[in-house]
Amino acid sequence: MSLILYSFVLVAGTLIIVTVFQRRRRAAILPPGPPGDPFIGHLLRMPSTDSPLVFHRWAQTYGPVMHLKVLGQSMIILDSYQAALDLLDKKGLIYSDRPKFTLYELLGWTPDFALLPYGTNQSIQRQMHQSYLSRHKIADFKPTQTQEARRLVQNLFESPPEQYERFMSRFVTGIITQIVAGHRITSDDDPYLRISHSIYETMAKTGPPGGSLIDFLPLLQHFPSWFPGAAHMAIVKTGRPTIRELHEYPLRMVKEKQAIGEAMPSFILEQLEKMQDGDDEEQLKGAATNMFAAGELTTWTTLTIFVLAMALHPAAQAKAQKEIDSIVGNTRLPEKLCVGFLATVPLGMPHCPREDDMYCGMFIPKGSIVFANIRAMGLDESVYSDPTSFRPERYLPQPAGGGEPNFSNVAFGFGRRICTGRYLADQSLWIAIASILATCTIINAADENGNTMSGITMNDGLISHPSDFRCVISPRSPEAKALIQMFNSS
Ligand code: HEM
């Protein structure tokens, strides 16, 4: 054998051995997980409902870092706060990309930075949010939030129970619309209310990110919606026009007002005024849309959870009202409890490692879809005593309370992709909750068969919303009612 041929065989042989060895090594040390099927992996075992709770149950057997595989795509489920912190936060340089979610792109959520990989456009948009929604800057929004909260309470007093959720949603949309576009909602047929309602309907049908077969087999987008696995294409057809409208309408309206000198201060106006030749307007559209898309449903859902929790736990309601009445110590307990009680974004927004990584001897492949199971973190018995019981005082410092960690640290996600609207959401919720507690009594309501609610059930989705909402809200006293009327008429 010539020397050249000999060398070639040697190199090729070594490469094959190394590749086989590496594959075996990786397969051997991937994080544990339930057994899958050949070729399709866990496709048929993926939970169709309650995924965060099913994953949490699996984690009791397989541990806080689990590996699943669907059609060749690795998924990592982080069930503990420590694992999420170690990877998504401390190794932020590696874990700050987003996976590609074909369904969300087809729906028209581009170029929104919440879905973009870590990089230039993502950081331009994130920077726009951070400067406008900073802890310091949000003080400017208090008057708007207070005005909307008073309007909310009056609407709750005057409307039948089946309208409560609609008015709570309007409270949130009213705030975001003023902040993003300087527009105040004054009528029920406002375009922003129509757009946000239509988007909610779409998002309620899409399921969590990675919940669609189209994400794993993008080829399915070219098939009709009746084709097995392509059902979501029907939602794309109906939902996409309004999602695109949300990208165009606010900017167009602000520009029209700006041209005639009537634009009110807003996020869009400030960015337009800062814009220089060569700046890409698409980035502004993405950032503005993200405030609506990421801020409305999350804050609204958290508020509905709070109201239901108060209806279900009258003793906690009375205690919180007493604290609000006295205001001594200015505790912000009610807001903490509603952000922490049930996770609004139960599986967070998935992260994606941009390179292979090792964690506690386990191999995390580059490109995996990494979910932080936020819902599970609130159920961790090593952190929270009797985690499923409703005990808001658990978050208070000892000895008055349980001294347990404040869940809102987790509810807003991790690392370099942590929620940019967390201070705004916190402040909107605090103002709404304090206003409701100070002026309203919330009681559990019976259905047509006389049954009252016994707990809160959440539906599935990127944002999980209560599936049943029943309660009756009335003024705590004639004085409270008069006070709200007086504020709103002045
Ligand atoms: C109670 C209300 C809210 C909750 C529970 C919440 C929760 C979350 C969570 C869990 C994430 C994923 C973070 C991660 O990837 O680790 C997130 C991301 C995000 N949130 Fe929120 N959020 C809320 C309100 C808001 C508001 C009011 C806004 C803006 C006005 C907002 C804007 C965003 C954006 C833009 C992202 C993506 C950040 C990025 O990818 O870099 N959120 N949020």
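Computed from a predicted model, the values in this text were never measured in an experiment. When a ligand or atom number is given, it counts from 1 through the structure's own listing order. Count residues from 1 along the sequence.
- Nearest-heavy-atom check against atom 39 (C) of ligand 1 across R417, M349, M291 picks out R417.
- Among T298, T420, L424, the residue whose heavy atom sits closest to atom 24 (C) of ligand 1 is T298.
- In this model, a donor atom of one side chain and an acceptor atom of the other lie less than 3.5 Å apart for E296 and T173.
- Judged by distance alone, with hydrogens and angles left aside, the side-chain atoms of R98 form a donor-acceptor pair with the main-chain N or O of M349 at under 3.5 Å.
- For ligand 1, the atoms closer than 4.0 angstrom to any heavy atom of H129 are 35 (C).
- If you look at F371 and F55, their ring centroids are not closer than 6.0 Å.
- Ligand-side atoms of ligand 1 in range of A294: 20 (N), 24 (C), 25 (C), 31 (C), 32 (C), 33 (C), 34 (C), 42 (N), range being under 4.0 angstrom from any heavy atom.
- Residue contact check: V345 has heavy atoms under 4.0 Å from atoms 7 (C), 10 (C) of ligand 1.
- Between K274 and E270 a salt bridge is recorded (basic side-chain N to carboxylate O distance below 4.0 Å).
- Not counting sequence neighbours, the partners of E273 by the side-chain contact (heavy atoms from CB on, under 4.5 Å) test are Q258, L269.
- Close approach to F414 involves these atoms of ligand 1, each under 4.0 Å from a residue heavy atom: 14 (C), 16 (O).
- Remark: ligand 1 and R422 share no N or O pair separated by less than 3.5 Å (distance only, no angle test).
- Ligand 1 places these atoms under 4.0 Å from at least one heavy atom of R98: 14 (C), 15 (O), 39 (C), 40 (O).
- Near A411, the atoms of ligand 1 lying under 4.0 angstrom from a non-hydrogen atom of the residue are 5 (C), 7 (C), 10 (C).
- With no hydrogens or angles considered, a side-chain donor-acceptor pair links S428 and Q145 at under 3.5 Å.
- Taking each of H351, R126, R416, M128 in turn, the one with a heavy atom nearest to atom 16 (O) of ligand 1 proves to be H351.
- Applying the side-chain contact (heavy atoms from CB on, under 4.5 Å) test to Y164 and every residue at least two apart in sequence or in another chain returns L156, S159, P161, M168, F469, C471, V472, I473.
- Within the 4.5 Å cutoff, the side chain of M75 has no heavy atoms near those of the H67 side chain.
- For atom 22 (N) of ligand 1, the nearest non-hydrogen atom from the set A425, C419, A372 belongs to C419.
- Residue E296 places no heavy atom under 4.0 Å from ligand 1.
- Against a heavy-atom cut-off of under 4.0 Å, T302 is close to the following atoms of ligand 1: 1 (C).
- Aromatic ring orientation, F141 versus Y132: tilted (interplanar angle from 30° to 60°).
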